[in-house]
Amino acid sequence: AYAQGIAEARALLAQKKYDDAIAKLDQLARERPREPQARFLKAVALADHDKVDDAIVVYRGMTADFPEMPEPHNNLAVLYSRKGELALARDELVIALQTAPDYGVARENLGDVYAALAEWAGRAVNVFGGEAGNVKLTTSEDFERAEALRMAALGDVRTGSGFDVH
């Protein structure tokens, strides 16, 4: 039921029915408060719906409740960057990388924040393209792209009755 609800919420996000998606995600979060996925998607929906401050509140709650997860820190940093709060963005990305040192998206975003800080300080900056495999999950379109990549990587998956007959 929970997975089906998440799928329904993602479909609503893809249709840009943000209020309906948020209502569905709130319901799911009440049913399973220790499951982060509904809260994370709610924050994505809020940010997509230009309710950045509300999304920040959700991500901040997630960083308190799920300190082991780097993704809320990363997405919080993206929103702080969008608001021009580069020092806060940097701090969140550092925490994300302390949590998951191999998290390429956070590392790439931290480079972007450092570049923006250098430009703000009057330094010339050259920015190079990122790693194509680092899929950023900050908008509902990002989730759709990531899901398509994940499904393509699975290939032809077949299940049976558990008997291996040759």
Point to revise | Partner residues of Pro36 under the side chain to side chain contact (heavy atoms under 4.5 Å, CB included) criterion, sequence neighbours left out | key: Met62, Phe66, Met69
**Study point:** Pairing residues for Asp50 by the side chain to side chain contact (heavy atoms under 4.5 Å, CB included) criterion, not counting sequence neighbours
**Key:** none
Review point. Mind checking whether Ile6 and Leu12 sit in one hydrophobic cluster, side chains of I, L, V, M, F, W, Y counted as touching below 4.5 Å?
Key: no
Review point. Linking I/L/V/M/F/W/Y whenever their side-chain heavy atoms sit closer than 4.5 Å, directly or via other members, would Val57 and Tyr18 fall into one cluster?
Key: no
**Study point:** Test item: Tyr59 side-chain N/O and Leu79 main-chain N/O as donor-acceptor pair under 3.5 Å
**Key:**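 Checked: no pair found.
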Output the distance between atom [atom1] ([X]) and atom [atom2] ([Y]), rounded to the nearest 0.5 Å.
X	Y	atom1	atom2	value
Lys16	Asp48	NZ	CG	6.5 Å
Leu46	Asp19	CG	CG	9.5 Å
His49	Leu13	NE2	CG	11.0 Å

For residues 86-99, tabulate all N or O donor-acceptor pairs below 3.5 Å that involve a side-chain atom, not counting sequence neighbours.
residue : atom : partner : partner atom : Å
Glu92   : OE1  : His73   : ND1          : 2.6
Glu92   : OE2  : Arg60   : NH1          : 3.1
Thr99   : OG1  : Ile95   : O            : 2.9

Exercise for review: Apply side chain to side chain donor-acceptor pair (under 3.5 Å) to Asp53 and list each qualifying residue two or more places apart in sequence or on a separate chain.
Suggested key: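 Applying side chain to side chain donor-acceptor pair (under 3.5 Å) to Asp53 gives Lys83.
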**Study point:** Listed partners of Asp65 passing side chain to side chain donor-acceptor pair (under 3.5 Å), at least two apart
**Key:** Arg39
Check your understanding: Is there side-chain contact between Tyr2 and Gln37, with heavy atoms separated by less than 4.5 Å?
Key -> yes
Exercise for review: Answer whether the closest heavy-atom distance between the side chains of Phe40 and Asn75 falls below 4.5 Å.
Suggested key: yes
Donor-acceptor pairs are to be reported for all side-chain atoms of residues 21-29 against protein atoms at under 3.5 Å, with residues two or more places apart or in another chain.
residue : atom : partner : partner atom : Å
Lys24   : NZ   : Glu8    : OE1          : 3.1
Asp26   : OD1  : Lys42   : NZ           : 2.7
Gln27   : NE2  : Glu31   : OE2          : 3.0

